[in-house]
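Chain identifiers are assigned alphabetically (A, B, ...) following the order of the sequence lines, protein sequences preceding nucleic acid strands; residue numbering begins at 1 within each chain.
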Protein chains: 2
Amino acid sequence: MTPRSPRPRDRGIPEATVARLPVYLRALQGMAERGILTVSSEDLATIAGVNSAKLRKDLSHLGSYGTRGVGYDVDYLVYQISRELGLTQDWTVAIAGVGNLGRALANYGGFGTRGFRIAALFDADRRVVGDEVAGLVVRHIDTLEDVVGSEGVSIGVIATPAASAQGVCDRFVEAGVTSVLNFAPVVLNVPPAVDVRKVDLSIELQILAFHEQRKADGQAPPEAGWIDATEKT
Amino acid sequence: MTPRSPRPRDRGIPEATVARLPVYLRALQGMAERGILTVSSEDLATIAGVNSAKLRKDLSHLGSYGTRGVGYDVDYLVYQISRELGLTQDWTVAIAGVGNLGRALANYGGFGTRGFRIAALFDADRRVVGDEVAGLVVRHIDTLEDVVGSEGVSIGVIATPAASAQGVCDRFVEAGVTSVLNFAPVVLNVPPAVDVRKVDLSIELQILAFHEQRKADGQAPPEAGWIDATEKT
DNA sequence: CCTACTTTGTGCGTACTTTCACAAGGGCGT
DNA sequence: ACGCCCTTGTGAAAGTACGCACAAAGTAGG
């Protein structure tokens with residue numbers, strides 16, 4: 001097998017790194033818009049809220065795209081990260097559940113930057129079907145299979161009540177969707193070939209509550225940790 | 001064994017464990033409602049979507065609340081996890097930004113189960129101020145400091161546009177909020193004593209896109225990996 | 001060309017997580 | 001009361017992730 005390119009990108013970029021690449025990407029895109037041409041790992045790390053060594057190691061997984069003594073070319077890095085994340089092609093998304101959350105998602109302009117196209121909105125409630133939301137007509141959930149097939153949807157977003165989530169998920173998967181983003185508070189069951197990511201408000205709050213309790217439990221240093229902590233720029 | 005050491009709960013429960021406790025809790029509450037009295041680590045792990053050894057180790061951090069040969073008492077475990085997460089007391093929450101997302105959050109009934117009380121909704125747009133959302137009157141963002149102080153808000157939720165997020169965050173922190181849940185696509189800067197958790201839709205999608213691309217890259221096994229779902233190499 | 005300076009890329013020790021595998025403990029039938 | 005069988009709780013191993021500290025590699029200036 002002849003290696004097509006000089007990049008060492010083997011098949012294993014650590015999950016932890018993958019999860020941070022979007023953060024770097026967003027920071028870099030902001031810089032690009034402001035006309036910044038070059039950035040050091042130190043500066044980019046500060047903006048992204050991480051350690052600079054970690055940033056460099058993360059980027060090193062994509063290849064050696066920096067110049068020693070100078071830093072990274074902003075535009076080039078934007079391109080490389082985009083490509084690595086698969087954003088140079090468009091992904092087709094469908095959203096199931098057009099309640100408050102579904103609408104919020106549908107209207108979430110541009111879905112990040114670009115790279116994602118919302119192809120359809122589904123709901124089971126006939127009072128909602130036919131409404132126009134974010135420029136799309138809401139379709140009945142029973143047309144899911146047809147639409148997913150014809151539109152080539154690869155990512156399904158579940159914004160339904162918890163009770164319907166697994167059912168909708170099964171239908172997505174059966175129709176050929178291979179990635180699911182789940183906002184319903186349930187653990188979804190899928191075949192191993194399907195990726196699921198979960199966003200769960202109440203879990204996040206509970207984690208915060210845990211730490212909040214810890215702060216209170218420990219002691220109550222009258223006003224400590226406040227003043228000497230502020231200086232962080 | 002130790003006669004008088006009811007809980008070994010030292011001050012260090014691993015973060016990874018804390019993040020899973022809410023999942024266990026939800027599963028257990030569901031079982032409690034269905035009248036199930038006892039559950040084994042194996043069964044609970046399956047429902048929660050984790051390995052049973054991991055579940056047992058997680059629970060062991062709270063103390064020895066299981067009975068060998070039998071399993072865990074559902075109600076008792078619900079209580080212990082709730083207490084550990086700090087859900088036996090009420091936390092006061094304020095939401096900034098009453099757009100689509102803010103409304104969705106405000107209407108997200110019960111915020112998990114209970115333990116969280118939404119005390120106020122804020123927005124900068126005077127066309128929204130005064131509206132009633134989820135039983136609360138939307139207040140102007142300039143009253144944030146007063147309300148946070150008088151209501152004793154400890155958790156602030158940021159559902160504003162990205163541009164306003166850091167500003168709102170600073171005001172929350174200045175007013176005494178010590179935990180922040182951020183839905184805006186920016187990295188927030190806070191003093192070390194403040195906890196921040198981030199929920200970012202576009203990051204989740206990008207992570208899915210990465211894996212989606214990987215699947216496509218590798219090859220396209222026509223219908224493989226569906227039923228016979230072994231692990232990947 | 002050579003020296004001084006800057007910033008990347010990474011080897012390595014440390015800490016955290018996950019998973020295995022099994023001894024210890026407890027209920028239950030006889 | 002006894003022993004069988006089940007499930008917990010946990011050492012220890014394996015796998016990941018993090019961050020320091022520094023050599024390598026490039027720029028800039030004389």
Quiz prompt | salt bridge (charged side-chain N to carboxylate O under 4.0 Å, His left out) assessment of A:Glu84 paired with B:Arg214 | solution = CA-CA 10 Å; A:Glu84 195 63 48; B:Arg214 275 293 156 95; 3.5 Å; yes
Quiz prompt | Nucleic acid contacts of residues 39-48 of chain B, taken as heavy-atom distances under 4.0 Å to DNA chain C | solution = none
Nearest 0.5 angstrom please: [X] [atom1] to [Y] [atom2], how far?
X: B:Lys215; Y: A:Thr178; atom1: NZ; atom2: OG1; answer: 4.0 Å
X: A:Asp73; Y: A:Tyr79; atom1: CG; atom2: OH; answer: 13.5 Å
X: B:Leu85; Y: A:Leu205; atom1: CG; atom2: CG; answer: 11.5 Å

Side-chain donor-acceptor pairs under 3.5 Å in residues 86-95 of chain B, sequence neighbours left out?
{"from": "B:Trp91", "atom 1": "NE1", "to": "B:Gly86", "atom 2": "O", "distance (Å)": "2.6"}

Quiz prompt | Residues forming a ring-ring contact (aromatic ring centres under 6.0 Å, His included) with A:Tyr76, sequence neighbours excluded | solution = A:Tyr65
Close N/O contacts between protein and nucleotides 17-20 of chain D (under 3.5 Å):
{"from": "D:dC18", "atom 1": "OP1", "to": "A:Arg20", "atom 2": "NH1", "distance (Å)": "3.2"}
{"from": "D:dC18", "atom 1": "OP2", "to": "A:Arg20", "atom 2": "NH1", "distance (Å)": "3.3"}
{"from": "D:dC18", "atom 1": "OP2", "to": "A:Arg20", "atom 2": "NH2", "distance (Å)": "3.0"}
{"from": "D:dG19", "atom 1": "OP2", "to": "A:Lys54", "atom 2": "NZ", "distance (Å)": "3.2"}
{"from": "D:dG19", "atom 1": "O6", "to": "A:Lys57", "atom 2": "NZ", "distance (Å)": "2.4"}
{"from": "D:dC20", "atom 1": "OP2", "to": "A:Asn51", "atom 2": "ND2", "distance (Å)": "3.2"}

Take atom [atom1] of [X] and atom [atom2] of [N], then tell me their distance rounded to the nearest Å.
X: B:Leu55; N: D:dT10; atom1: CG; atom2: P; result: 14 Å
X: A:Leu59; N: C:dT7; atom1: CG; atom2: P; result: 16 Å
X: A:His61; N: C:dT8; atom1: NE2; atom2: C1'; result: 15 Å
X: A:Tyr65; N: C:dT7; atom1: OH; atom2: C1'; result: 19 Å

Exercise. Could you run through nucleotides 25-30 of chain D and give me one letter per nucleotide, 5' to 3': B if any protein heavy atom sits under 4.0 Å from the base, S if only the sugar-phosphate is that close, - if neither?
Key: BSS---
Quiz item: Which side chain to side chain donor-acceptor pair (under 3.5 Å) pairs, counting each pair once, include a residue from residues 155-167 of chain B, with sequence neighbours left out?
Solution: B:Gln166-B:Asp170
Self-check item: Minimum-distance pair of heavy atoms, taken over all atoms of A:Leu105 and A:Ala159
Solution: CD1-CB, 4.2 Å
Exercise. Return yes if a side-chain donor-acceptor contact under 3.5 Å exists between B:Glu212 and A:Ser154, otherwise no.
Key: no
Quiz item: Any chance the side chains of A:Arg26 and A:Gln29 put a donor and an acceptor closer than 3.5 Å?
Solution: no
